[in-house]
Amino acid sequence: MQNQTSDRVIVVGGGNSAIDVARSALRTGARVTVVYRRARGDMPANIEELEGALEEGVALVCMAQPLRAIAGSGERAGTVRALEVMRMK
């Protein structure tokens, strides 16, 4: 399979590692969204790191539980086309 890159990255999680990954991907030019299953105030990530990521342009979707990754097809086989999530209460 040929190496494929994308301009969109989804990071699932709310800890320091997730925020580090999000910021690193953003610095490569990707549009980055962090998906976390609880409220922003429940995120275990360091608040300064999270605020820095948001200021840099990382998007944050809270209260969303990933259900499944939808695979790409054809030339995009081996990639993820979409992430299906369920909204949490």
Side-chain angles (χ1 to χ4, degrees):
M1 180 171 76
Q2 184 178 345
N3 184 19
Q4 298 175 347
T5 60
S6 175
D7 63 342
R8 295 184 300 176
V9 172
I10 295 176
V11 179
V12 177
N16 288 324
S17 296
I19 301 306
D20 287 346
V21 168
R23 292 181 91 175
S24 294
L26 187 72
R27 292 171 185 159
T28 68
R31 293 181 297 161
V32 181
T33 302
V34 172
V35 176
Y36 185 60
R37 65 188 174 99
R38 295 185 181 156
R40 179 177 168 175
D42 295 325
M43 293 178 79
N46 178 291
I47 190 68
E48 291 83 13
E49 290 292 322
L50 175 58
E51 289 175 356
L54 296 173
E55 288 173 9
E56 288 182 41
V58 171
L60 178 61
V61 176
C62 292
M63 304 300 290
Q65 174 69 39
L67 294 177
R68 69 181 176 124
I70 300 168
S73 60
E75 288 184 10
R76 297 184 72 55
T79 66
V80 174
R81 181 173 52 88
L83 182 68
E84 182 179 342
V85 300
M86 176 176 62
R87 285 296 187 169
M88 308 299 284
K89 291 185 177 184

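Annotation for Asp20 and Glu49: closest pair OD1-OE1, 4.0 Å, computed over non-hydrogen atoms. Here the closest non-hydrogen pair linking Arg37 and Met88 is O-CG, 3.5 Å. Shortest non-hydrogen contact noted between Cys62 and Arg38 is CB-O, 3.3 Å. Residue Pro66 comes nearest to Val85 through the heavy atom pair CA-CG1, 4.0 Å, listed as atom of the first residue, atom of the second, then distance. The shortest non-hydrogen separation linking Pro44 to Gly14 is CD-O, 3.3 Å. Here the shortest heavy-atom pairing between Leu50 and Arg40 reads CD2-NE, 3.9 Å.
Taking hydrophobic clusters as Ile, Leu, Val, Met, Phe, Trp and Tyr residues chained together by side-chain heavy-atom distances below 4.5 Å, Val34 shares a cluster with Val9. Under a hydrophobic-cluster definition in which Ile, Leu, Val, Met, Phe, Trp and Tyr are linked whenever side-chain heavy atoms come within less than 4.5 Å, directly or via other members, Leu54 and Val21 are assigned to the same cluster. Linking Ile, Leu, Val, Met, Phe, Trp and Tyr residues whenever their side-chain heavy atoms come within less than 4.5 Å leaves Leu83 and Leu26 in two separate clusters. Both Val58 and Tyr36 are members of a single hydrophobic cluster when ILVMFWY side chains are connected at heavy-atom separations under 4.5 Å. By the rule that hydrophobic residues join a cluster once side-chain heavy atoms approach within less than 4.5 Å of another member, Met43 and Val32 end up as members of one cluster.
A donor-acceptor pair under 3.5 Å links the side-chain atoms of Asn16 to the main chain of Asn46, judged by distance alone.
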>> Is there a side-chain contact (heavy atoms from CB on, under 4.5 Å) between Arg87 and Val61? Walk through the geometry before answering.
In response: CA-CA 10 Å; Arg87 285 296 187 169; Val61 176; 3.8 Å; yes
> Should Arg76 and Arg81 be marked as a side-chain contact (heavy atoms from CB on, under 4.5 Å) after you check the CA-CA gap, both sets of side-chain angles, and the distance that decides it?
Replying inline: CA-CA 8 Å; Arg76 297 184 72 55; Arg81 181 173 52 88; over 6 Å; no
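Separation of atoms CZ (Arg23) and OG1 (Thr28) is listed at 14.0 Å; rounding is to 0.5 Å. To the nearest 0.5 Å, atoms CD1 (Ile47) and CD1 (Ile19) are separated by 9.5 Å.
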